[in-house]
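Worksheet: one structure, shown below.
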Number of protein chains: 2
Amino acid sequence: MKPYLIQVLKELALLGAINNRVEISSGELAAQIKTSQQTASRYLLELDEMGLIGRELGVKKQMIRITEEGANVLRDEYTQYQRIFELPEKIYLSGVVTSGMGEGRYYIEQKGYKIQFKEKLGFIPYPGTLNIEIKPVDRNKIRLLKKTDVIRINSFKSGDRTFGEVRCFPATINDVECVLVLPARGHYSTVLEFISPVSLREKLNLKDGDNINITVSLPREGERCYEE
Amino acid sequence: MKPYLIQVLKELALLGAINNRVEISSGELAAQIKTSQQTASRYLLELDEMGLIGRELGVKKQMIRITEEGANVLRDEYTQYQRIFELPEKIYLSGVVTSGMGEGRYYIEQKGYKIQFKEKLGFIPYPGTLNIEIKPVDRNKIRLLKKTDVIRINSFKSGDRTFGEVRCFPATINDVECVLVLPARGHYSTVLEFISPVSLREKLNLKDGDNINITVSLPREGERCYEE
DNA sequence: ATTACTAGTAAGCGAGTAT
DNA sequence: TATACTCGCTTACTAGTAA
């Protein structure tokens with residue numbers, strides 16, 4: 001979808017072309033979007049061919065109406081802006097199922113973690129984590145999570161070693177509820193670990209390489225903290 | 001403002017670049033917006049030169065943050081989408097002060113209208129209308145108004161002639177409250193007439209040719225009616 | 001008046017590559 | 001690895017104009 005066509009569609013929508021036909025000549029549209037009449041005419045032809053607008057050409061002007069499909073294009077844009085400005089409650093990620101090397105399992109089996117999971121999450125996790133590899137660029141979204149404070153699992157000592165603090169976020173994978181577990185310290189990884197009372201791999205019938213969609217819930221506004 | 005730059009800015013914002021710095025290479029951005037690394041690099045240069053983003057170039061990746069100015073560009077876009085989808089309570093117009101030929105005055109001085117103005121608007125208008133010429137393309141917005149029902153002034157007979165039904169809409173001109181009066185029948189005009197208890201021309205200190213901004217309030221959702 | 005075609009020009013794109 | 005330059009190619013633009 002060409003960006004300039006979205007802009008034109010938006011302009012038509014602002015004139016009311018979503019719920020009504022709108023009377024506008026290519027010259028008028030051109031003035032509105034500050035381009036030439038010829039270009040405006042071409043835009044309308046393109047939008048028409050793509051089925052995003054409908055036109056009734058009269059002898060003089062034309063009546064234009066945005067189609068359902070065209071309205072959907074704009075609605076999608078609107079949704080994106082809402083995600084930007086409406087201090088989102090969720091972030092959206094997609095990723096691929098991978099196999100870790102069983103370290104996730106080793107960690108969550110530690111008594112010091114298990115007690116806290118039971119207390120703060122209300123369940124003892126199935127012994128094993130579901131590892132999801134996300135796109136490197138989406139680590140920026142994880143960055144946001146690291147600054148928030150949802151459910152905090154404290155660090156503890158066991159024998160000679162220390163197990164670090166981790167943070168938990170209510171999440172869904174393909175609409176199944178689970179919990180994202182992030183180490184509070186350390187470098188950003190492209191692999192996320194999820195836990196649940198039951199085996200997510202079985203419940204979701206997943207195998208390595210499967211694509212899945214993730215949503216992660218963010219805490220309420222007041223608890224949010226940003227840089228600087 | 002080039003449409004494709006807005007799209008890129010939006011993409012960065014979706015990664016969280018408004019409140020945080022975001023770590024992204026030109027190649028990653030390219031993949032995100034489905035273009036080449038070179039083009040993505042050029043986009044970032046353009047946005048940087050325009051002051052819409054700030055960059056910290058490291059040896060490897062770069063940290064990007066949307067500036068206040070950049071955020072404003074996106075906020076303006078968002079506002080436009082809100083006007084499209086949030087079933088607006090107001091429509092926004094701009095226009096130029098013109099002189100009619102005194103017909104407005106003739107009409108509102110009619111007793112049949114005056115009684116109804118007093119009853120339904122709560123005031124007897126200053127004897128004269130403020131005429132505002134709008135852009136022809138904005139008649140589409142007026143079209144929306146014609147389908148709504150805010151304050152209806154009934155037609156009446158006086159002597160041998162009939163005075164038609166008119167509709168009134170709460171409005172503001174340069175933030176001063178007034179009332180837009182539209183004939184219920186007849187062709188769309190590019191000249192709108194406004195009334196008020198006092199002389200709007202004096203109160204706003206207007207002369208012919210002055211540019212003014214208008215907002216017109218629409219009725220609540222339930223009362224709205226669309227074509228078809 | 002319009003819409004929209006043609007043709008010449010300008011802007012945008014991406015492969016190759018320097019840094 | 002990165003970023004971002006050059007340059008040939010493609011796409012988009014507008015003036016002129018036909019319908």
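Everything quoted here is computed from the prediction, not taken from an experiment. First the proteins, then the strands, lettered A, B, ... as listed; each starts at 1.
One interatomic measurement links the two molecules: CD of Glu56(A) to C1' of dT3(C), which rounds to 16 Å at whole-angstrom precision. Following rounding to the nearest Å, Ile64(B) (CD1) and dA4(D) (C1') show an atom-to-atom distance of 14 Å. Leu29(A) has its CG atom 14 Å from the C1' atom of dA4(C), to the nearest Å. Rounded to a whole Å, the CD atom of Glu23(A) is 11 Å from the P atom of dT3(C). Rounding to whole angstrom units, CG of residue Leu44(B) and C1' of dG12(C) are separated by 16 Å. Separating the CD1 atom of Ile33(A) from the P atom of dT14(D) is a distance of 9 Å, rounded to the nearest angstrom. With rounding to whole Å, Met63(B) atom CE is found 17 Å from dT3(D) atom C1'. Atom CD1 of Ile24(A) and atom C1' of dA1(C) are 16 Å apart (whole Å).
To the nearest 0.5 Å, atoms CD1 (Ile214(A)) and CZ (Phe169(A)) are separated by 13.5 Å. Note that CG of Asn140(B) is 9.0 Å distant from CD1 of Ile64(A), once rounded to the nearest 0.5 Å.
Heavy atoms of Leu57(B) sit under 4.0 angstrom from primed sugar atoms or phosphate atoms, though from no base atom.
Taking a 4.0 Å limit (strictly below) on heavy-atom distances, residues 2-18 of chain B does not reach DNA chain D anywhere. Of the residues in residues 35-43 of chain B, those with a non-hydrogen atom less than 4.0 angstrom from any atom of DNA chain D are Gln37(B), Gln38(B), Ser41(B).
Judged by distance alone, the side chains of Asp208(A) and Ser99(A) do bring a donor and an acceptor atom under 3.5 Å apart. A side-chain donor-acceptor contact under 3.5 Å links Thr129(B) and Glu193(B). Under 3.5 Å, the side chains of Glu133(B) and Thr190(B) contain a donor-acceptor pair of N or O atoms. Between the side chains of Tyr78(B) and Glu86(A), a donor-acceptor pair is found at a separation under 3.5 Å.
Nearest heavy-atom pair across Pro125(B) and Ile195(B) is CG-CD1, 3.7 Å.
Within the 4.0 Å cut-off from OP1 or OP2 of dT3(C), at least one side-chain nitrogen or oxygen of Gln62(A) is found. Of the side-chain N and O atoms in Arg55(B), one or more sit less than 4.0 angstrom from OP1 or OP2 of dA4(D).
In this structure, Arg161(B) is positioned above the aromatic face of Phe163(B), its NZ or CZ under 6.0 Å from the six-membered ring centre and within 45° of the axis. By the 6.0 Å and 45° rule, Arg75(B) does not stack over the aromatic ring of Phe85(A).
Across its full length, the helix from dT2(C)-dA19(D) to dT19(C)-dA2(D) shows an angle of 40° between the axes of its 5 terminal pairs at either end, rounded to 10 degrees.
Here dA4(C) is the nucleotide among dA4(C), dT3(C), dA4(D) with the atom lying nearest to any side-chain atom of Leu45(A).
Although no hydrogens or angles enter the test, the distance criterion places a donor-acceptor pair under 3.5 Å between the side chain of Arg65(A) and the main chain of Asn19(A). Glu49(A) places no side-chain N or O within 3.5 Å of a backbone atom of Glu46(A) that could act as its donor or acceptor partner.
Remark: Arg167(A) CZ is packed, more than 12 non-hydrogen atoms of other residues, nucleotides or ligands lying under 6.0 Å away.
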